[in-house]
There are 2 protein chains.
Amino acid sequence: MAETPGGESLLFLTDEQLRKGIEAMFFAYRGFTADPDRILGGMDYGRAHHRAIHFIHRSPGTTVSNLLLILGVTKQSLNRVLRTLIEDGLVRSEKGKVDARERHLHLTDKGQMLERELSDAQRARMRAAYRAAGPQAVQGFRQVLEAMMDPEMRRQYNRLKEGG
Amino acid sequence: MAETPGGESLLFLTDEQLRKGIEAMFFAYRGFTADPDRILGGMDYGRAHHRAIHFIHRSPGTTVSNLLLILGVTKQSLNRVLRTLIEDGLVRSEKGKVDARERHLHLTDKGQMLERELSDAQRARMRAAYRAAGPQAVQGFRQVLEAMMDPEMRRQYNRLKEGG
DNA sequence: CTTGGAAAGTCAACAAGGCTGACGTAAATT
DNA sequence: AATTTACGTCAGCCTTGTTGACTTTCCAAG
């Protein structure tokens, strides 16, 4: 077993270990999105709507530009999703009072209900995984994921974290 | 800090902690796919081609049905991807000798080269994340991801693992 | 040997959700 | 007054997923 001068194992850096990590990400992400996808399948919405709803819930009053930064899509793509959510009365968009060019986004009661349904399902799976793996594993899980992000995304992630 | 009778922390099971895990998955997956996406952007290929190439590399001689199980898409969807890869000489498809209905898939030399390029990039990121987080964290990372998979996907994942 | 069903492939049509490019409007900034 | 910013929108394209219908090939059981 390979050892560093400091004595830690380096076995975890073999190509084979890295490939397993890659495959674990692939299969786990499928599970991660499976429940919301199933719920949204019945309605006219998809994963893109879920993401918008999630981050509007997370940062009520956020602007369109901010959402664009977080989601990393074009405004045309986001707009298509946002328009249907507003039309269907799940999201409310208000002109900014200090800067009237900005639109501040909030979930309506109806939007809150759907958010709840989606996040209940997703959190149930996450909770089961956390419980099965234990607190120590959860810490490692978050550390590796954070290290895997692009720096700009890590900034966004940490900005969101501050609230919690 | 909430404690169980056994004494372990339960803080990691709060809704807020679960939400952070969800967001970590979202942002990390973006990083995870960013490098291959960038490489494939130049060519006529996309993420679907990458997945096919990855699993054919991983299980040379695998059949179309097996690939369908692993990828979880329809045969029509996979076939479109596979056809272009075969036409372009990245993948070789051979009739089975024991069961001639089956097609056994292999990467050609050209296919190996692209696989190498893609996985080098993806492994480099994974390696950096692993190194930054350390072996203990990596173990936890894999435990949580594995617990997050659907049982059927976990079976597929573990079947792949055996080889390594 | 025949037939039923599995494995693979194909065609057509469609939808979600990305993208680019161009354009318009209102509001803020310089 | 001119420029920039934030947002919305139209049009068109691509990838990648879907369903449904159909064919060919082939194994295996009756």
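Residue numbers begin at 1 in each chain, while the letters A, B, ... track the order of the sequences. Below, each value reflects all heavy atoms present in this structure, side chains not excepted, and no hydrogens, waters or symmetry copies.
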request  = Ignoring backbone atoms, establish whether A:Arg103 has a side-chain N or O less than 4.0 Å from OP1 or OP2 of D:dA6.
outcome  = no

query = Counting side-chain heavy atoms from CB outward, which of D:dG8, C:dG18, C:dG21 is closest to A:Arg80?
reply = C:dG18

request  = For A:Asn79 and D:dG12, give me the distance from atom CG to atom C1', rounded to whole Å.
outcome  = 17 Å

query = Any chance CD of A:Glu115 has more than 12 other-residue heavy atoms, nucleotides or ligands included, within less than 6.0 Å?
reply = yes

task = Check A:Arg103 against A:Ser93 and note the closest heavy-atom contact, atom names and distance.
result = CB-OG, 3.6 Å

message = Just to be sure I understand the rule, does A:Arg83 reach a base, reach only the sugar-phosphate, or reach nothing, if contact means heavy atoms closer than 4.0 Å?
response = sugar-phosphate

query = Rounded to whole angstrom units, what separation is found between the CD atom of A:Glu94 and the P atom of D:dA6?
reply = 19 Å

query = Between C:dT10 atom P and B:Leu78 atom CG, what is the distance in whole Å?
reply = 12 Å

task = Please round to the nearest 0.5 Å and tell me the distance separating atom OG of A:Ser119 and atom CG of B:Leu18.
result = 9.5 Å

query = Hey, which of A:Tyr29, A:Phe55, A:Phe32, A:Tyr157 is the one that makes ring pair (Phe, Tyr, Trp, His ring centres under 6.0 Å) with B:Phe26?
reply = A:Phe55

remark   = Separation between CZ (B:Arg19) and CD (A:Gln122), nearest 0.5 Å, reads 9.5 Å

query = Nearest heavy-atom pair of A:Ile70 and A:Met153: which atoms, and what distance?
reply = O-SD, 4.1 Å

query = Which residues in residues 34-51 of chain B have at least one heavy atom lying under 4.0 Å from any atom of DNA chain C?
reply = none

task = Could you check how far CG of B:Leu85 sits from P of C:dG9, rounded to whole Å?
result = 13 Å

key: Working for side chain to side chain donor-acceptor pair (under 3.5 Å), residues A:Asp88 and A:Thr84   = CA-CA 6 Å; A:Asp88 295 352; A:Thr84 69; 5.1 Å; no

Extract from the structure each pairing of a protein N or O with an N or O of nucleotides 24-30 of chain C at less than 3.5 Å, listing the distance.
{"from": "C:dA28", "atom 1": "OP1", "to": "A:Ala100", "atom 2": "N", "distance (Å)": "3.0"}

query = If we only count heavy atoms from C-beta on, is the B:Arg51 to B:Val81 side-chain gap below 4.5 Å?
reply = no

ask   = To the nearest angstrom, how far is B:Glu87 atom CD from C:dG9 atom P?
value = 13 Å

message = Given C:dG9, D:dT19, C:dG18, identify the nucleotide with an atom nearest to the side chain of B:Thr74.
response = D:dT19

inquiry  = Ring-plane angle category for A:Tyr45 and A:His49, please: parallel below 30°, perpendicular beyond 60°, tilted otherwise.
reply    = tilted

ask   = Which residue, B:Gln76 or B:Leu68, contacts DNA chain C at a nucleotide closer to its 5' end, judged by nearest heavy atom?
value = B:Leu68

